[in-house]
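Report on one structure; see the data block that follows.
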Amino acid sequence: MDERFNRWLLPPLLALLFLLIVYQYVSPACPGAACPRRPPASAARRGGGPEDREEEEEAAAMPRLAAKFPFARGELCRRVRFDMRGRDVIVFLHIQKTGGTTFGRHLVRNIHLEQPCYCRAGQKKCACHRPGGDKDTWLFSRFSTGWSCGLHADWTELTSCVPAAMERRGCAGNRTLRNFYYITMLRDPVSRYLSEWKHVQRGATWKTSLHMCDGRSPTPDELPTCYEGDDWSGVSLQEFMDCSYNLASNRQVRMLADLSLVGCYNLTFMNESERNMILLQSAKNNLKNMAFFGLTEFQRKTQYLFERTFNLKFISPFTQFNVTRASNVDIGEDVRQRIEELNFLDMQLYEYAKDLFLQRFQYSKQEEHQKNRLKRREERRLLREQRAHQWPREEPAEVAVTEDYNSQVARW
């Protein structure tokens, strides 16, 4: 009985084994990493055409930013309807040693304008008038209006000075109609600090800066100087770091914050920790609410975001200078750490600014990609409709042959 049962069961088992072996060789599956990735579900729903697959691959290739700070959509999408013929004004807040001189020259010499700025040879300032013969200016900056609010005026000075300064330029009666769009440039705090030290070492002082706050400049007791004599030329880095009154420390936060919130330069107005917290938060808020800011370390991205924000185009691309006086300074890790400690507020601000800047850049690129994608789809749709109307559909060749054969049979 057992022998007959085994003879009956053996053929099906052998046949099943044979089928399994054959399946291993003819199966469309492929091993592990060699398998192509499955197309996205969205492509499958659309039919997976070659154009759709190409768009999906482009979207997948876009780098994803690991964001550190959560920003709302309105904080990432920066677009202003800048009316150069109206009463809109770009106000450039120029922080020392952030590449502001180069960027300021771009504004007056490198933008496609209906009426370009008029720059005379040998003069720093250019006349940037509005189109149509209006002598009013659309740009408030060192290279267009000079230092009208003081040398390297900060946010506190500019916001209280610019409207009146524009009135003094002979444009009375238009004050309530103006829209001021503030812009600035930031830089890595260590590089900026070293660059300022080298600049001061060569004789720069900025001692004519007004530092106006709440209607007055600081007293000598509120803002002592770090040197005696005309300048601080030849200062060593150690001496530069040792002066506790040195405005180079945390300069970017101080120049972007509302100083009236902390009693201006009166350090006895509140305790130091509270003052630092308020200054940093104020600088972050003012920076975030500006129409635009760029980063020295990202010249091309800065150009791209400015063009997208103001709908203005530069004539020639920005150049990234990676070799500067600051980059040539050889410092040890202990000195770098000391500089970071002296600029601990700027370090936090720059981390915040860099994250916001890169998120804005990524958002703009994705928005541009989506716009181009929809544009290509619309162009393909219109092309298909055009072809359908211009050329009648031809019948397949095999149908024509069959009809010829049938007609011949009918004649026979």
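For the numbers below, each heavy atom of this structure counts, side chains included, while hydrogens, waters and symmetry mates do not.
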Among Phe306, Phe361, Phe357, which residue satisfies the ring-ring contact (aromatic ring centres under 6.0 Å, His included) criterion with Phe292? Phe306
Not counting sequence neighbours, which residues clear side-chain hydrogen bond (donor to acceptor under 3.5 Å, both in side chains) with Asp214? List them please. none
Does Arg130 use its side chain to pair, donor to acceptor, with the backbone of Gln115 at less than 3.5 Å? no
Arg377 side chain to Arg373 main-chain N or O, any donor-acceptor pair under 3.5 Å? no
For Glu157, enumerate each residue passing the side-chain hydrogen bond (donor to acceptor under 3.5 Å, both in side chains) test, keeping only those at least two apart in sequence or located in another chain. none
Once you measure the plane-to-plane angle for Trp147 and His152, does it fall in the parallel (<30°), tilted (30-60°) or perpendicular (>60°) bin? tilted
Trp197 and Val235: which non-hydrogen atoms are nearest, and at how many Å? NE1-O, 3.0 Å
Contacts satisfying disulfide bond (SG atoms under 2.5 Å apart) that involve residues 325-358 (not counting sequence neighbours) are none
Could I get the full list of ring pair (Phe, Tyr, Trp, His ring centres under 6.0 Å) partners for Tyr352, not counting sequence neighbours? Phe69, Phe71
Does atom CZ of Arg336 have more than 12 heavy-atom neighbours from other groups under 6.0 Å away? no
Within a reach of under 6.0 Å around CG of Asp230, are more than 12 heavy atoms found that belong to other residues, nucleotides or ligands? no
Tell me if the SG of Cys126 lies under 2.5 Å from the SG of Cys117. no
Pairs satisfying ring-ring contact (aromatic ring centres under 6.0 Å, His included), at least one member in residues 324-343, at least two apart: none
Excluding sequence neighbours, so at least two apart, what forms disulfide (SG to SG under 2.5 Å) with Cys77? none
Within a 6.0 Å radius of atom NZ on Lys354, are there more than 12 heavy atoms belonging to other residues, nucleotides or ligands? no
Tell me, yes or no, whether the heavy-atom count around Asn289 atom CG, taken from other residues, nucleotides or ligands under 6.0 Å, exceeds 12. yes
CD (Gln123) with more than 12 external heavy atoms under 6.0 Å: yes
Answer yes or no: are there more than 12 heavy-atom neighbours, outside Arg381 itself, under 6.0 Å from its atom CZ? yes
Is it the case that the side chain of Asp88 and the backbone of Met84 share a donor-acceptor pair, with hydrogens and angles ignored and the cut-off at 3.5 Å? no
Check whether any side-chain heavy atom of Arg338 lies under 4.5 Å from a side-chain heavy atom of Gln238, and answer yes or no. yes
